Structures are given as C-alpha cells and as structure tokens.
There are 2 protein chains.
Amino acid sequence: MSQADSLTIEKILKVAEEHFAVHGYYATSMRQLTREADVNVAAVHYHFGNKEALFLAVLKRRIAPFVLMVLDNMKQKAQLHASVRPEDLVQAFVDVCLQYVRDFDREAGLVTRLVTRLMVDEYKVFREQLAQEYSDIIESILHLFEQALPHLDKETVRWRMHIALSTLFNSFAGNDVLKALARREWVNAKNPEQVARYVVPFVVAGLVAP
Amino acid sequence: MSQADSLTIEKILKVAEEHFAVHGYYATSMRQLTREADVNVAAVHYHFGNKEALFLAVLKRRIAPFVLMVLDNMKQKAQLHASVRPEDLVQAFVDVCLQYVRDFDREAGLVTRLVTRLMVDEYKVFREQLAQEYSDIIESILHLFEQALPHLDKETVRWRMHIALSTLFNSFAGNDVLKALARREWVNAKNPEQVARYVVPFVVAGLVAP
DNA sequence: GTCTATACGGAGATAGAC
DNA sequence: GTCTATCTCCGTATAGAC
C-alpha cells in the first residue's frame, strides 16, 4: 500500500499540520495529536520515524506546492507585460495566499504560519533537509526580482526581497505585534482579504523605494 | 532582601532571557537553564512561581524599557521639526535597536526576538498580563503615526503602523525566510547595522505609500 | 506490513525536610 | 531560603499481536 493511500498516515498529517501551525513544533504534543487523530502514538513512529520527521513531512507536503505556485504565478504575470513589474510579484504572492484560503485553508495561514515558525525557530535539522528542495525555486524568484528592480544593485535587491517576503509571510500568518503588546484589537490581522488590501501597497512601495 | 539585590534571581534572569530569546518558551528547559545558572530548579519556583511567571518576569524586565525608549526617541526627533516625519519614527526605532547592541545586547536582538516570539506564539496568558503595561505607550506611538501620516485615514494608519512595526521587529530579530527556505546565505540578517541600512528606506517608503 | 501495549528517561510542578 | 523526593505528562523505543 502506498503512503498516499494509507488512511492512518493521512489522519496523522491532517491533525499534525494543524497543531504544528497553530502551536509550533515544541508546543505540539505527540500524544495529544495522536489522541485527536484517533491513532496510536507508536503508529507515528512506525510511519514517520519520530517527531522531527513528522514535522518535516508536514513541511514538505505544504511548502513546496505553495512556493512553486507563487513562482508560477509570478512568471505568468510577468509575461503579460514587456517588463517584470514589482507590483506583479507582490500580487502573485498575495493571489496564491487568497486562493489557498478559498480552496482548502479556511482557517487561513496554515502554510504561511509554518514558514514563520521555521523563521523564528531556526531549527538547523529542518533547514538542512528543506533547503535543498527550495533553493532552485528561491533562486528563480530572486531572478525575477532582479529583473523587476534593474536600477538597484544586487545586494540591495536581495535585501529588499528578503524584507518583502518576510513581511508577506508574517502578514498572512496573522502575526500581530500590536495585539501582542496592546490590549485592544487594532487591526484584524487574521483576515486575509484585509491583509492583502493593506500589505500590497506597503510592500510594493518598499521594493521600489529610492 | 529586595529582588534586585538577590544574586540568585539575577543569575536566573540572565540565563533565562538568553534561553527564551534564542530557543523560545517551549523549547527552553528549566533544568538546563538552572544547571547553566548554577542554581537549583526549585529556586526558580520559589522566586518566580513557575515557568510562565519566569517568562513574564523576563518580558517585563526587557520590553517595557525598550518600548518606552522608542517612544521617547520618537518624541524627541519629532520636536526637532515643525511636523512629525515618518522617517523620524522609523529611525527612532532603529536607533534604539543599535544603541541596545552597543550598550548591552552584544548578541543583538534579545528584546526584538522576545517580541517576535510573543507574536507567533500568541500565548494568551502573557498577552493579558502584558497588554495592560504597554497599551498606553502603544497608544502614544499610534498618535505620532497619525500625525506623521495626516493624509491617510485612521484605519490605514493603524495597518501601516502594524506592518511597519512587525517588519522592524522581525528584521532586527534576525528572522530570515530566505535562510529558512534556501541553502546559501542571501543576506546577513543577523548584522544590526546591515539590517538598519536596508530596512529603513523600505519601511519609510511603505508608510508613505500612496 | 500495520499497528498496539508497554516500558524508560526526562520534563515541569509541588510538598515538605532542612 | 534552599534542596530533595515524588507526581504526572512528554517523546521515544521495542516486543509482539494481527
């Protein structure tokens, strides 16, 4: 029986990705997770090996399709015009996020939350395993940014892309400094349409800044 | 004996803030922390109550002075000109970060890392306890942003401030999406001077975007 | 080949001896 | 104030049931 056909594996992955995205790697309990998925704890170790490997499986399943879709969407938008426009690159990212929300990620931010978790936790093991898979895609995206910002030197382009993507991932993950520091709710950071509306002009302006 | 005079408390706090900032709340082990601080595990429970309370103590000690310093610096810069300028507000934040690096935070990003941890973890207990302390300060900072961006409606100002502060905290925390997803090092996200150089024009442009 | 039952060491928490 | 003993829950490993 192939992995994809196994009901047990699917049940584990479904509950696991939710837990990892919402609570993070360390705060996720294998026992609670398997209880919720109605699966024995040891079944996870049989199918995946250990907690790290399960997390990796979740990441690989969700991040690769997302990043690839972003790249494709960027290329597609770029072809509509004579030159690559910064606003098209940003909009491509946003479109994929909104499409994910419509299609399957109703809670919004599953993939983006997983990525921001990776960002702050700097888990070396995961990075070494994941880097290989996405390096080429990220390289292609950088190439598009270089075309979109021809007046800037390459070091600056890398930094702007770095800040732009960090901001986009964090915004769609619903991460909210103001909510963390202040009492009343300032903005509805969990609403993807609202996020899209306000983050696009901000990031585009940041990219093309003098 | 007052808390500030206790050597044990000081030893615990010093090691704890390092561990919490670098590894996060859940990945921090009380046993490892106390071993490193050369203090008995139960001493933490005696002086602070539990792990949550210790984390709160660390946050209160570091975040309040930082945020207050940012507000003061913003007000100070604002008084130098007839109107409040967006670039002054951003530069005020950056100046405080760089001053922290020079003065005591040699590893850089202790405070900013703690805040980004709070952002992604959404730990309700901490928020309820902390929100009260910083609400007024954040409110004052919002007031400055409203003065600096008079042509924008208040909803937009809140969103721009939200995105700007998120980006600033994340940048100085050294959080790096590209490093999380790709193999080779794209930018030196851990170098505060480099961060300052590239993040300021980006965020200022984002704030004043049409 | 799949999965269950169970045991082990380490974590945070706490009561109570000193 | 300090520290030991102990409780419960965690991730993990493994033997064996089906």
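Each chain gets a letter, A, B and so on, in the order its sequence line appears, and its residues count up from 1. Computed over heavy atoms, backbone and side chain alike; hydrogens, waters and symmetry mates excluded. Note that the coordinates shown come from a computational prediction; the quantities given were computed from them, not determined experimentally.
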Report yes if some heavy atom in the side chain of Leu130(B) is under 4.5 Å from a heavy atom in the side chain of Leu181(A); otherwise report no.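 Of all side-chain heavy-atom pairs linking Leu181(A) with Leu130(B), none is under 4.5 Å.
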
Tell me, do Phe145(A) and Leu207(A) make a side-chain contact under 4.5 Å, heavy atoms counted?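 Yes; the side chains approach each other to less than 4.5 Å.
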
In whole angstrom, what separates [X]'s [atom1] from [N]'s [atom2]?
{"X": "Met30(B)", "N": "dC9(D)", "atom1": "CE", "atom2": "P", "answer": "18 Å"}
{"X": "Gln32(B)", "N": "dA11(C)", "atom1": "CD", "atom2": "C1'", "answer": "12 Å"}
{"X": "Lys51(A)", "N": "dA11(C)", "atom1": "NZ", "atom2": "P", "answer": "14 Å"}
{"X": "Arg35(A)", "N": "dT4(C)", "atom1": "CZ", "atom2": "C1'", "answer": "16 Å"}
{"X": "His47(B)", "N": "dA13(C)", "atom1": "NE2", "atom2": "P", "answer": "16 Å"}
{"X": "Glu52(A)", "N": "dC10(D)", "atom1": "CD", "atom2": "P", "answer": "19 Å"}
{"X": "Ile12(A)", "N": "dT4(C)", "atom1": "CD1", "atom2": "C1'", "answer": "13 Å"}

Within the 4.0 Å heavy-atom criterion, would you say Ala43(B) contacts the bases, only the backbone, or no part of the nucleic acid?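 Result for Ala43(B) = nothing.
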
When we call it a touch if two heavy atoms are under 4.0 Å apart, what does Thr28(A) touch: a base, just sugar-phosphate, or nothing?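 Counting heavy atoms under 4.0 Å across all strands, the contact made by Thr28(A) is with sugar-phosphate only.
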
Please list each protein N or O that sits under 3.5 Å from an N or O in nucleotides 4-7 of chain D, with the distance.
none

Sidechain N-carboxylate O distance under 4.0 Å for [X], [Y]:
{"X": "Asp153(B)", "Y": "Arg158(B)", "result": "no"}
{"X": "Arg197(A)", "Y": "Glu155(B)", "result": "no"}
{"X": "Lys75(B)", "Y": "Asp88(B)", "result": "no"}

Comparing Thr8(A) and Ser29(B) on DNA chain C - which has the more 5′ nearest nucleotide: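 Residue closer to the 5' terminus by nearest nucleotide: Thr8(A).
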
Quick check on dA13(D): is either OP1 or OP2 less than 4.0 Å from any side-chain nitrogen or oxygen of His45(A)?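 For dA13(D), neither OP1 nor OP2 has a side-chain N or O of His45(A) closer than 4.0 Å.
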
With a cut-off of less than 4.0 Å, is there a side-chain N or O of Tyr46(A) near OP1 or OP2 of dT2(C)?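 Yes, within the criterion.
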
Mind checking side-chain contact (heavy atoms from CB on, under 4.5 Å) for Glu52(A) and listing every partner two or more places apart, or none if nothing turns up?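 Glu52(A) satisfies side-chain contact (heavy atoms from CB on, under 4.5 Å) with Tyr25(A), Asn50(A), Tyr123(A), Val125(A), Phe126(A) once adjacent residues are dropped.
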
Mark yes when over 12 heavy atoms from residues, nucleotides or ligands other than Lys60(B) sit less than 6.0 Å from its NZ; otherwise mark no.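 Yes, because the 6.0 Å sphere around NZ of Lys60(B) holds more than 12 heavy atoms from other groups.
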
Would you please say whether a donor-acceptor pair under 3.5 Å links the side chains of His19(A) and Gln32(A)?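 Their side chains do not contain a donor-acceptor pair, so the 3.5 Å distance test is not met.
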
Can you classify the ring geometry of Trp159(B) versus Tyr198(A) as parallel (below 30°), tilted (30 to 60°) or perpendicular (above 60°)?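 Parallel, since the angle between the ring planes stays under 30°.
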
Contact residues, residues 14-26 of chain B to DNA chain C [heavy atom, < 4.0 Å]: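 Result for residues 14-26 of chain B: none.
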
